[in-house]
2 protein chains.
Amino acid sequence: MEITRETDYAVRCILHLSESPEEIKMVDGIAKTRLIPKSFLSKILQKLTKSGIVKSYRGVKGGFKLARKPEEISLLDVVEAIDGPVAINRCAVDKRLCDLSSMCVVHPIWVELRKDVENRLKNCNFSELIKLSSMK
Amino acid sequence: MEITRETDYAVRCILHLSESPEEIKMVDGIAKTRLIPKSFLSKILQKLTKSGIVKSYRGVKGGFKLARKPEEISLLDVVEAIDGPVAINRCAVDKRLCDLSSMCVVHPIWVELRKDVENRLKNCNFSELIKLSSMK
DNA sequence: ATAATTCAGACAAATTCTATCCTGATTAAA
DNA sequence: TTTAATCAGGATAGAATTTGTCTGAATTAT
């Protein structure tokens, strides 16, 4: 049960953009300072753009910046933008197996666990994270 | 962030064995009633044996049964036996990247999340689950 | 002995992860 | 208006992981 490298990169990236929310930054710069493979980051930023977390600007002087304030972006937003919903177990989606023969008594446990995880991620926004990093 | 099919199968299997903790059951039977691919289950049971969750009996009339009482086996035991420790993020293990340039302020969040998940899984044992299933 | 069963390891298909590369679209500035 | 910089989107591909299968050896009740 791990988050992917991709999600980790996405978090680093949003963290970077959160440090100066007004500036437009280029893929290349973010990639270099945050040690993320450039072309991979490019793909990640496309997902973040489609999810409405960042805004993109094309052409010369183009780049990316946050679409909203750091305090309005949660870890959950980023995780879901990249990996999709926090499912924990597929049977939460594909119920067919669960329903037959009362097999899946564990199902409610996975659902509960999922809620827990979501809540914790939801309650953590990038404004807080930035504060933590400036305290170092 | 999902558990694997393998873990799901393992849980189903322990659930099955928990219903009659004294009986020795064969791979084939478990596989058929719980809809798990037989040879895959065979591998899974080997892991569960090595982790000390089930006991194996070879030869004619051989099979598997729980190594301890259902109430002494938690979901966490099973998940860890199959997938290894609940890591959430690799940086919890490989700290080298985190430490340089104070990059990973998110690290404590992953650690906290991991503890949450572990606790919830630890607090759920197979005796409780069986009770739930008999209530259906 | 024989038949039934697990054990251990090798093998392999499918899927997901982790990228890379190329072409085209867009845009600021010269 | 041309040019250079930059993102968008699709195709591709290697590696790792997941999800199994198969076979032969070891064990054991009868």
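Atom set for the values below is all heavy atoms of this structure, side chains included, hydrogens, waters and symmetry mates excluded. Not measured: the values here are computed from a predicted model.
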Distance in angstrom units between [X] [atom1] and [N] [atom2], rounded:
{"X": "A/Lys55", "N": "D/dA8", "atom1": "NZ", "atom2": "P", "answer": "12 Å"}
{"X": "B/Lys47", "N": "C/dA8", "atom1": "NZ", "atom2": "P", "answer": "14 Å"}
{"X": "A/Leu45", "N": "D/dG9", "atom1": "CG", "atom2": "C1'", "answer": "14 Å"}
{"X": "A/Arg5", "N": "C/dT18", "atom1": "CZ", "atom2": "C1'", "answer": "10 Å"}
{"X": "B/Lys65", "N": "C/dT5", "atom1": "NZ", "atom2": "C1'", "answer": "17 Å"}
{"X": "B/Glu2", "N": "D/dT19", "atom1": "CD", "atom2": "C1'", "answer": "14 Å"}
{"X": "A/Ile44", "N": "D/dC7", "atom1": "CD1", "atom2": "P", "answer": "14 Å"}
{"X": "B/Leu41", "N": "D/dT19", "atom1": "CG", "atom2": "C1'", "answer": "13 Å"}

Q: Please assess B/Asn125 against B/Ser74 for the test side chain to side chain donor-acceptor pair (under 3.5 Å), listing each intermediate value before the final yes or no.
A: CA-CA 4 Å; B/Asn125 70 60; B/Ser74 72; over 6 Å; no

Closer than 4.0 angstrom, basic N to acidic O: yes or no for [X] and [Y]?
{"X": "A/Arg68", "Y": "A/Asp77", "value": "yes"}
{"X": "A/Glu23", "Y": "A/Lys65", "value": "no"}
{"X": "B/Glu6", "Y": "B/Lys43", "value": "no"}
{"X": "A/Asp28", "Y": "A/Lys32", "value": "yes"}

Q: Check whether any side-chain N or O of B/Tyr57 sits under 4.0 Å from OP1 or OP2 of D/dA29, and answer yes or no.
A: no

Q) Does A/Ser56 have a side-chain nitrogen or oxygen under 4.0 Å from the phosphate oxygens OP1 or OP2 of D/dA8? A) yes

Closest nucleotide among [options] to the [X] side chain:
{"X": "B/Pro37", "options": "C/dC7, D/dT6, D/dG20", "result": "D/dG20"}
{"X": "A/Thr4", "options": "D/dG20, C/dC17, D/dG10", "result": "C/dC17"}
{"X": "B/Lys61", "options": "D/dA29, D/dG20, D/dC7", "result": "D/dA29"}
{"X": "A/Phe64", "options": "D/dT21, C/dC21, D/dA8", "result": "D/dA8"}
{"X": "B/Lys43", "options": "D/dC22, D/dA25, C/dA25", "result": "D/dC22"}

Q. Relative to the 5' end of DNA chain D, which residue comes earlier, A/Val60 or A/Thr49, by the nucleotide with the nearest heavy atom?
A. A/Val60

Q | Toward the 5' end of DNA chain D, by each residue's nearest nucleotide, B/Phe40 or A/Gln46 | A |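 Residue closer to the 5' terminus by nearest nucleotide: A/Gln46.
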
Q. So what does A/Gly59 touch, heavy atoms closer than 4.0 Å: a base, only the sugar-phosphate, or nothing?
A. base

Q) Quick one: does B/Arg58 reach the base of C/dT6 with a side-chain donor-acceptor pair under 3.5 Å? A) yes

